[in-house]
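Quick notes on the structure that follows.
Heavy-atom basis, side chains included; hydrogens, waters and symmetry copies ignored.
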Amino acid sequence: MKVYIKPFGQLDDQAFDEIFIENKHGVIVSFSDLGARINRWQVPTDTGQLDDIILGYDNAEHALVARTYYYGATIGRIAGRIKNGTFRLKDKVHELNINNNDHHLHGGQDGYDIQKWAYDVVEGDNQVSVIFKYTEQDGTSGFPATIHNRVTHTFDNDNNWTINYFAKSDDMTIFNPTNHVYFNLNGSEHASIKNHILDVKASKFLPIKEDAIPTGEIESVENTPFDLRTPTVFGDLFTSEHPQFKIVDGFDHPFVLDKDSAYAMRLLHPDNQRSIVVNTDRPVIVIYTHSAVPVDTKVWGHAITPYAGITIETQAAPDAINRPQFGSILLEKGDTFESTTCYHLSF
């Protein structure tokens with residue numbers, strides 16, 4: 001395993017790093033202390049070139065300009081939207097930073113994705129871990145309690161990228177982190193992911209409103225375009241008139257994972273046979289198929305078009321604090337949060 005570090009640019013008075021790891025297969029991943037993010041996942045080709053299979057940024061400055069889609073970043077303290085930016089905890093109503101229409105999204109303006117995380121690199125014979133640490137103070141974006149976070153990204157010789165989350169709070173709060181990686185197994189951000197095959201082990205999904213807030217219902221995927229329990233070409237779904245699919249011309253939906261499946265999700269490119277298999281201990285995968293792109297969004301310095309990637313966010317259900325039927329995201333004083341998600345690459 002090879003490790004090297006390069007400058008990732010500067011925001012205000014803070015300089016950021018990009019940490020590269022190369023395994024015995026010549027596969028390269030990189031992580032940055034800007035948002036404890038994964039920034040590159042490069043796969044060697046028969047021509048000796050490297051294909052990027054995720055969306056990322058040339059530098060920290062580009063990451064800030066195109067922040068809207070959170071490419072590769074750790075998301076917290078809460079993943080997804082909280083309706084109207086409010087929730088009740090211990091008979092007190094907390095008002096959060098509003099940053100997505102009338103709602104709170106992905107930790108708000110001071111979310112984890114733009115923080116500078118301290119880090120250590122731990123090298124082994126068959127794997128390398130980058131251990132990121134960040135303390136979010138009480139009151140940040142309106143959240144109660146101080147949380148001590150540790151996010152460990154590990155890459156190994158078997159082409160596994162594993163994320164371990166650890167957090168501890170000094171008082172009762174809510175907590176629901178994720179990683180916002182976007183895949184494009186074409187190896188080019190200019191090629192649409194409509195040719196990708198999706199296989200999601202979920203019998204239920206959460207419908208959303210026009211503003212992407214869950215309705216509160218939990219529905220069966222049966223006879224809908226959300227039934228991805230058998231491998232399905234994403235582009236073939238566009239003949240559907242299902243109102244939930246039409247809301248965003250694709251997916252921006254939570255899928256409730258079935259228990260005891262061999263894996264949670266598989267993403268496959270039918271031509272080059274690259275695939276990503278996801279395993280997680282989280283109950284939900286939010287899938288967003290990047291149907292909208294602002295004019296200033298760039299990947300590797302080039303403007304991109306809709307369906308440039310698919311994000312696979314493992315987490316608890318969005319807005320769960322306001323929807324008891326979705327399960328608890330409470331983190332009690334002194335308790336620890338621990339979770340693991342693994343993305344396995346085959347090529």
Compare all side-chain heavy atoms of [X] with those of [Y] and state whether any distance is below 4.5 angstrom.
X: Asp170; Y: Lys333; answer: no
X: Ile147; Y: Arg77; answer: yes
X: His196; Y: Asn186; answer: yes
X: Pro318; Y: Val286; answer: yes
X: Pro231; Y: Leu198; answer: no
X: Asp113; Y: Arg67; answer: yes
X: Phe245; Y: Leu237; answer: yes
X: Tyr307; Y: Asn184; answer: no

Any side-chain to backbone donor/acceptor pair from [X] onto [Y]? Under 3.5 Å, distance only.
X: Asp102; Y: Asn84; result: no
X: Gln115; Y: Gly111; result: yes
X: Thr173; Y: Ala145; result: no
X: Asn59; Y: Gly9; result: no
X: Asn101; Y: His103; result: no
X: His344; Y: Asp158; result: yes
X: Asn176; Y: Ala316; result: yes
X: Arg266; Y: Tyr263; result: no

With distance as the sole criterion, is a donor-acceptor pair present between the side chains of [X] and [Y] under 3.5 Å?
X: Asn23; Y: Asn159; value: yes
X: Glu18; Y: Ser30; value: yes
X: Asn164; Y: Glu338; value: no
X: His148; Y: Thr135; value: yes
X: His253; Y: Gln244; value: yes
X: Asp52; Y: Gln42; value: yes

So, taking the atom named [atom1] in [X] and the one named [atom2] in [Y], what distance separates them when rounded to the nearest 0.5 Å?
X: Thr224; Y: Leu228; atom1: OG1; atom2: CG; value: 8.0 Å
X: Ile114; Y: Phe16; atom1: CD1; atom2: CZ; value: 9.0 Å
X: Asn272; Y: Asp46; atom1: CG; atom2: CG; value: 10.5 Å
X: Arg40; Y: Leu55; atom1: CZ; atom2: CG; value: 12.5 Å
X: Asn157; Y: Glu22; atom1: CG; atom2: CD; value: 10.5 Å
X: Leu185; Y: Ile54; atom1: CG; atom2: CD1; value: 11.0 Å

When hydrophobic residues are tied together by side-chain contacts of less than 4.5 Å, even through go-betweens, does [X] share a cluster with [Y]?
X: Phe175; Y: Ile163; value: yes
X: Val299; Y: Ile38; value: no
X: Ile19; Y: Val27; value: yes
X: Val29; Y: Val130; value: yes
X: Leu267; Y: Ile53; value: yes

Discussion item. The test is side-chain hydrogen bond (donor to acceptor under 3.5 Å, both in side chains); show your working for Ser291 and Thr289 and say whether it passes.
Written reply: CA-CA 6 Å; Ser291 56; Thr289 47; 5.4 Å; no
For the student: nearest non-hydrogen atoms of [X] and [Y], plus distance:
X: Ser339; Y: Arg282; answer: OG-CD, 2.8 Å
X: Pro207; Y: Glu219; answer: CG-CD, 3.4 Å
X: Ala79; Y: Pro177; answer: CB-C, 4.3 Å
X: Ile321; Y: Ile329; answer: N-CD1, 3.9 Å
X: Glu95; Y: Thr86; answer: CG-CG2, 4.1 Å
X: Ile82; Y: Ile174; answer: CD1-CD1, 4.0 Å

Worksheet entry | Lys116 and its salt bridge (Lys or Arg N to Asp or Glu O under 4.0 Å) partner, picked from Asp17, Asp12, Asp33 |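 Exactly one candidate clears the test, Asp33.
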Which word best sums up how the rings of [X] and [Y] line up, parallel for under 30°, tilted for 30 to 60°, or perpendicular for over 60°?
X: Tyr134; Y: Tyr112; answer: perpendicular
X: Tyr69; Y: Tyr71; answer: parallel
X: Phe255; Y: Phe226; answer: tilted

Practice prompt. Check step by step if side-chain hydrogen bond (donor to acceptor under 3.5 Å, both in side chains) holds for Thr140 and Asp110.
Written response: CA-CA 7 Å; Thr140 303; Asp110 294 316; over 6 Å; no
Salt bridge between [X] and [Y], side-chain N to carboxylate O under 4.0 Å?
X: Lys201; Y: Asp258; value: no
X: Asp51; Y: Arg274; value: yes
X: Lys90; Y: Asp171; value: yes
X: Glu222; Y: Arg229; value: yes

Discussion item. On the six-membered ring of Phe238, is Lys194 placed so that its NZ or CZ lies under 6.0 angstrom from the centre and within 45° of the ring axis?
Written reply: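 Yes, Lys194 lies over the aromatic ring of Phe238.
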Discussion item. For Phe20, does the six-membered ring have the charged nitrogen or CZ of Lys6 within the cation-pi criterion, i.e. under 6.0 angstrom from the centroid and within 45° of the normal?
Written reply: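 Yes; both conditions hold, so Lys6 lies above the ring face of Phe20.
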Worksheet entry | Listed partners of His62 passing ring pair (Phe, Tyr, Trp, His ring centres under 6.0 Å), at least two apart |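 If we apply the ring pair (Phe, Tyr, Trp, His ring centres under 6.0 Å) test to His62, skipping adjacent residues, there are no hits.
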Fill in: With sequence neighbours excluded, residues passing ring pair (Phe, Tyr, Trp, His ring centres under 6.0 Å) with His180
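Ring pair (Phe, Tyr, Trp, His ring centres under 6.0 Å) list for His180, sorted by chain: Tyr70, His106, Tyr182.
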Item to complete: Report the residue from Tyr343, Tyr288, Phe234 that forms a ring pair (Phe, Tyr, Trp, His ring centres under 6.0 Å) with Phe183.
Response: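 The ring pair (Phe, Tyr, Trp, His ring centres under 6.0 Å) with Phe183 is passed solely by Tyr343 among Tyr343, Tyr288, Phe234.
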Worksheet item: Under the criterion side-chain contact (heavy atoms from CB on, under 4.5 Å), which of Thr340, Leu257, Thr178, Ile312 is the partner of Thr280?
Response: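 Per the side-chain contact (heavy atoms from CB on, under 4.5 Å) rule, the option paired with Thr280 is Leu257, out of Thr340, Leu257, Thr178, Ile312.
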Item to complete: Could you give me the CA-CA distance, side-chain angles and deciding distance for Phe143 and His104, then say whether ring-ring contact (aromatic ring centres under 6.0 Å, His included) is met?
Response: CA-CA 11 Å; Phe143 288 106; His104 175 90; 5.3 Å; yes
Practice prompt. Evaluate side chain to side chain contact (heavy atoms under 4.5 Å, CB included) for Asn179 paired with Ile75, printing each intermediate quantity in order.
Written response: CA-CA 6 Å; Asn179 183 277; Ile75 300 299; over 6 Å; no
